Each structure stands twice: as C-alpha cells, then as structure tokens.
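Throughout, protein chains are lettered first and strands after them, A, B, ... in sequence-line order, and every chain is numbered starting at 1. Nothing here was measured: the structure is a model prediction, and the numbers come from that model.
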Amino acid sequence: MTGRLSRVVLALAMHSLGAQNRPWAQAMQGEFAVAEADGRALRFACGCLLGAWRMLPRHGEGRFTLTSYALSLGVLLPIGVLLAKAAMSGFPFVMASAGTAGFLWGQGTFRSLLDPGTQCLAPALIAPMLALAACHGLLAWWVLDRDWPRVVMASRLGAAAITALVIVMACAGLSLATLAPACLILAAECAAVTALAAWQAKGLGEELI
Amino acid sequence: MLALLAALGARTPDWWHGYELMKETGLASGTIYPLLMRMTEQGLVEAEWREPEQPGRPPRHAYRLTAAGLALARQQNDLQDAPGGAAVPA
C-alpha cells in the first residue's frame, strides 16, 4: 500500500515538473528506486512532490497549471455552485426581499413573479439555470484537462442555456435586466478561458529562472 | 546550497547520485533537487546519466561540481576557515 502510494506521489511530482524539466523528473525516478530499496520511498516521493510544487511558479507550464487551477477551482466551480443554488431558490422568476444574498443564502422572503398563466414556465426557467450550472462543472474539469474542443462545447452549451433562459423569460414577461450581472460574469469567464487557451497555444511562455 | 556545495566539493572530481547527496547533507529530496537544478543552470554543477547498477532499474543522474562550482566551493571554504570569516549568503 505504501509502495503504491509512494509511486502515485512520485508520478504526481514528475508530472508537476512539466515537460521542460523532464530529465529532472527522470532523475528523481532513478533515485526513487534506490530510496525504495532503502525503505524510504514515501518520504523521498513526498519531498520530490513538495520540491516540484515549490518550483511551479518558476516555469511556464507550472504557472499555467496554477492559473488553470485558480480559474477552475476558484472561479468556475464556485460560480457553478452559486448558479445551482440560485436556481433551486427560484431565480430568475422569484423575487427575494434580500436580493442576491437571498437567492444564495436563502435569506428574507420570496415572491413568485409568475402569474397563474405563466406558472407552467417555471420548470423551463429552472432547467436552463441548472444546465448552466452543470456546464460550469464540465468547463472546470475540461479546463484542467486542457481539452479545448470540449471547453468550446461546454461554452456553447452554456450559451445555449442562457439563450433559452432569455427566450423563456421573455415569454413569461419577466424583466431581462435581472440576468445582466450573470451575463457579465459569464462573459468575463469566457474571456478568461479564451486567454488561458491562447496562453497554451503560444507555448506557455518563457522560463523565469 | 552551502551544504550541497561543501559535499560536492569534498569529493571532487567524483560523481554523486542524488540519494547519496541527500544522505551526506541531510537535506530532503524536495530541497536537493531544486538546488541541483538551479546550480546546474548557473553552471556550478554538471550532470550526466549513468547506467543502472542493477538490471531492471532506471538510469541514474550523477552530479559533480564544474570548475566554476569548485572555485566557489574553495572560496567558500577559505571564508569559513578564515578567523572571524563569514559565509557568503546562498
């Protein structure tokens, strides 16, 4: 068990060093066999991993990895969770007395903006919101995976969900202004993901060391 | 870096393996490798691949000081030996 864990930790360390430091990753692998024979494989592998992580900001690929994790775990996933939470609270066809905080944290009172004639559109409003939230989960995963064709596909699904939401909201006679902040955030996200893809396409930049 | 420099300088021109250096200096692998990488880039250390001692094992990287590294190690040694001498910061 410890042996397998050590190998996983070493593989992670080798991967974290990036393509440009491949010979150093192989050097670690060479010494790992000796450390393993000495019964100190896990300690050696953990040290390599810490060293590799400390070096991440020093090379282009490491900076790219840190940025993509920050974008995925710090922006895309939280926004996906917030969108799902808002959808479950009834955004955008419910008015919360506490505004955005009301939708996110369930504070204050809620009043439906749909009348008896448009009540049947509620599921059609919730579905695109949930689809948009799900798109964020996929987007976060595929950004980390650097799978840009799938990132484009998830972005298109997100755009389709927003378009569907706008159409159904218009049919329900709801104010489209409530969607403006969400659209701005999504546009900023799109710009960030595009910049990340362009960064990788340019070859991840020069070394700092 | 000073401990690594001293260890490498003590056995010049012999080659060292990373794990031997760890044992000799007491530094962890997470410290040794970034130092070796930096010193190699600065031209203080040279590295070469060695065939594995046992079949089935991967090749090993070996390290030794370059002329510039050796000069720095000696300069460092002289500074430490001098009365009231202070070490050059790493």
Side-chain angles (χ1 to χ4, degrees), chain A residues 2-63 65-66 204-209, chain B residues 1-5 7-8 10-66 68-69 72 88-90:
Chain A
T2 309
R4 189 173 293 176
L5 179 64
S6 310
R7 286 172 196 281
V8 169
V9 173
L10 184 76
L12 192 56
M14 290 173 70
H15 184 72
S16 301
L17 280 172
Q20 288 177 332
N21 289 316
R22 190 65 60 214
W24 288 101
Q26 287 165 342
M28 287 176 178
Q29 193 177 29
E31 296 309 299
F32 177 77
V34 183
E36 203 172 25
D38 203 19
R40 302 173 78 176
L42 186 59
R43 192 174 168 185
F44 178 84
C46 288
C48 289
L49 183 61
L50 285 177
W53 280 355
R54 279 213 312 264
M55 292 190 64
L56 278 177
R58 288 173 178 257
H59 56 92
E61 199 170 334
R63 288 192 294 279
T65 303
L66 287 176
L204 304 180
E206 297 298 315
E207 295 301 295
L208 268 187
I209 301 172
Chain B
M1 179 169 163
L2 294 179
L4 193 54
L5 206 57
L8 286 165
R11 251 174 47 182
T12 302
D14 291 354
W15 293 87
W16 289 76
H17 291 300
Y19 196 68
E20 285 172 356
L21 280 171
M22 280 172 58
K23 283 188 158 179
E24 179 72 19
T25 59
L27 297 172
S29 53
T31 307
I32 282 271
Y33 280 103
L35 277 175
L36 284 171
M37 289 163 84
R38 204 169 67 193
M39 288 168 78
T40 305
E41 280 160 8
Q42 289 170 347
L44 300 173
V45 167
E46 58 182 328
E48 71 170 32
W49 287 104
R50 292 291 175 88
E51 286 303 312
E53 289 151 11
Q54 292 174 24
R57 283 197 172 174
R60 296 177 74 184
H61 227 195
Y63 314 94
R64 72 175 179 187
L65 289 179
T66 59
L72 183 64
V88 174

Do B:His61 and A:Gln26 come within less than 4.5 Å of each other through their side chains, counting heavy atoms only? no

When you look at CH2 of B:Trp15, are more than 12 heavy atoms from neighbouring residues, nucleotides or ligands closer to it than 6.0 Å? yes

Whatever's closer than 4.5 Å to a heavy atom in chain A on B:Pro59 counts as backbone

Atom of B:Pro58, atom of A:Gly30 and distance for their closest heavy-atom approach: CG-CA, 3.7 Å

Can you tell which of B:Gly18, B:Ala47, B:Ala28 has the highest number of heavy-atom pairs within less than 4.5 Å of chain A? B:Gly18

Taking the side chain as every heavy atom from C-beta outward, state whether B:Met37 and A:Arg58 have any pair of such atoms under 4.5 Å apart. no

Minimum-distance pair of heavy atoms, taken over all atoms of B:Gly30 and A:Arg54: O-NH2, 2.9 Å

Greatest number of heavy atom pairs closer than 4.5 Å to chain B - which of A:Val34, A:Leu17, A:Leu49: A:Val34

Can you tell me how the ring of A:Trp24 sits relative to the ring of B:Tyr63, calling it parallel under 30°, perpendicular over 60° and tilted otherwise? parallel

Among B:Arg57, B:Arg60, B:Lys23, B:Arg50, find the residue that satisfies the salt bridge (charged side-chain N to carboxylate O under 4.0 Å, His left out) test when tested with A:Glu31. B:Arg60

So for atom CZ, which belongs to A:Arg43, do other residues, nucleotides or ligands contribute more than 12 heavy atoms lying within a distance under 6.0 Å? no

Minimal non-hydrogen separation, A:Ala27 against B:Tyr33, with atom names: O-OH, 3.8 Å

Answer with side chain, backbone, both or neither: which region of B:Ile32 has an atom nearer than 4.5 Å to a non-hydrogen atom of chain A? neither

